[in-house]
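Here is the structure we will look at.
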Amino acid sequence: MIEKSLSTILKEDGRYSLPAVNFLREGLDYTIKKYYPDAESLTPTHVSGYQLCIGIREVALARWGYMAKYVLGYWNITTTRDFGEIVYLLIEHEFMRRNDDDSIDDFDDIYDFDVAFTEDTFK
């Protein structure tokens, strides 16, 4: 049962903002559709930390181009581990679920932001 609002949880945690979490959720929706195009919206599906990080990168690049790194940095997201920290904060407060074999370490070092969000990415 969800006892606290997401805004309250984020304020108490202090690391990430609501826009950052909403963007991660948008990246999750995109990633689910990418890997499970035939899944119904109410059907629970699972994506790995790796898949989610790749999906978030694609959404960020499509939306902000070479400014993606700076937008994410403004939200205190500077590594793929930050995506995992947000996911596990949401899991802890029952906004998301995990599988038994999932780990926050699945989000470690998926890509380097200095490489993944550079202008060279678009060539």
Side-chain angles (χ1 to χ4, degrees):
M1 181 173 147
I2 299 172
E3 295 184 14
K4 294 182 182 180
S5 73
L6 184 54
S7 295
T8 300
I9 291 164
L10 294 173
K11 184 177 266 190
E12 289 174 356
D13 181 75
R15 294 177 292 169
Y16 306 104
S17 65
L18 188 57
V21 173
N22 287 337
F23 179 72
L24 180 131
R25 289 172 139 178
E26 183 180 335
L28 176 61
D29 289 344
Y30 168 86
T31 304
I32 289 170
K33 289 175 186 167
K34 176 180 177 177
Y35 289 98
Y36 302 99
D38 297 326
E40 295 181 25
S41 62
L42 299 178
T43 304
T45 53
H46 178 268
V47 295
S48 69
Y50 175 86
Q51 290 171 320
L52 180 56
C53 289
I54 298 302
I56 289 170
R57 177 181 177 269
E58 291 172 1
V59 173
L61 287 171
R63 176 165 299 154
W64 300 301
Y66 69 90
M67 294 297 295
K69 174 186 167 191
Y70 302 103
V71 173
L72 294 171
Y74 179 77
W75 290 334
N76 202 32
I77 299 172
T78 59
T79 68
T80 55
R81 174 71 179 220
D82 288 315
F83 298 136
E85 294 288 342
I86 294 170
V87 166
Y88 274 78
L89 182 63
L90 294 174
I91 290 169
E92 177 184 343
H93 293 281
E94 300 181 10
F95 286 91
M96 293 177 78
R97 285 182 259 172
R98 66 185 279 283
N99 288 345
D100 290 340
D101 58 341
D102 289 335
S103 167
I104 194 167
D105 296 336
D106 296 341
F107 291 87
D108 286 347
D109 303 317
I110 304 300
Y111 47 79
D112 181 306
F113 276 39
D114 288 331
V115 174
F117 297 116
T118 62
E119 196 168 351
D120 291 344
T121 305
F122 304 101
K123 293 181 181 176

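All residue numbers refer to positions in the sequence shown, counting from 1.
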Shortest non-hydrogen contact from Ala60 toward Ala68: O-CB, 3.7 Å

Nearest 0.5 angstrom please: Gln51 CD to Tyr35 OH, how far? 4.5 Å

Applying salt bridge (charged side-chain N to carboxylate O under 4.0 Å, His left out), can you list everything that pairs with Lys34, at least two apart in sequence or on another chain? Glu58

Distance-minimising heavy-atom pair for Ile56 and Thr31: N-OG1, 4.2 Å

What's the separation between atom CG in Asp105 and atom CZ in Arg81, rounded to the nearest 0.5 Å? 5.0 Å

Just to verify, what does Met67 make a side-chain contact (heavy atoms from CB on, under 4.5 Å) with, not counting sequence neighbours? Trp64, Tyr70

Within this structure, what is the CD1-OH distance for the pair Ile54 and Tyr111, rounded to the nearest 0.5 Å? 6.0 Å

Asn99 side chain to Asp101 main-chain N or O, any donor-acceptor pair under 3.5 Å? no

Check whether any side-chain heavy atom of Phe117 lies under 4.5 Å from a side-chain heavy atom of Leu72, and answer yes or no. yes

Measure across His46 and Tyr36 and return the closest heavy-atom pair with its distance rounded to 0.1 Å. O-OH, 2.7 Å

Ile9 and Phe95: side-chain contact (heavy atoms from CB on, under 4.5 Å), yes or no, with the steps? CA-CA 11 Å; Ile9 291 164; Phe95 286 91; 3.4 Å; yes

Using side-chain heavy atoms (C-beta onward) and a distance below 4.5 Å, is Leu89 in contact with Glu85? no

For the backbone of Ile91 and the side chain of Arg98, can you confirm whether one donor and one acceptor N or O come within less than 3.5 Å of each other? no

Report yes if the side chains of Asp82 and Trp75 come closer than 4.5 Å at any heavy-atom pair, otherwise no. no

With rounding to the nearest 0.5 Å, note down the distance linking OG in Ser5 to CG in Leu18. 9.0 Å

Nearest 0.5 angstrom please: Asn22 CG to Leu6 CG, how far? 7.0 Å

Spatial distance of atom CG (Asp13) from atom NE2 (His93) [nearest 0.5 Å]: 7.0 Å

Whether the side chain of Thr80 engages the backbone of Phe107 through a donor-acceptor N/O pair (distance < 3.5 Å, no angle test) should be reported. yes

Nearest heavy-atom approach of Ile110 to Tyr50 is CG2-CD1, 3.6 Å

Testing the basics here: between Leu28 and Leu52, what is the closest heavy-atom pair and its distance to 0.1 Å? CA-CD1, 3.6 Å

Going by the rule side-chain contact (heavy atoms from CB on, under 4.5 Å), which residues pair with Arg63 if we only count those two or more places apart in sequence or in a different chain? Phe23, Glu26

Where do Leu24 and Phe83 come nearest, in terms of heavy atoms and distance? CD1-O, 3.6 Å

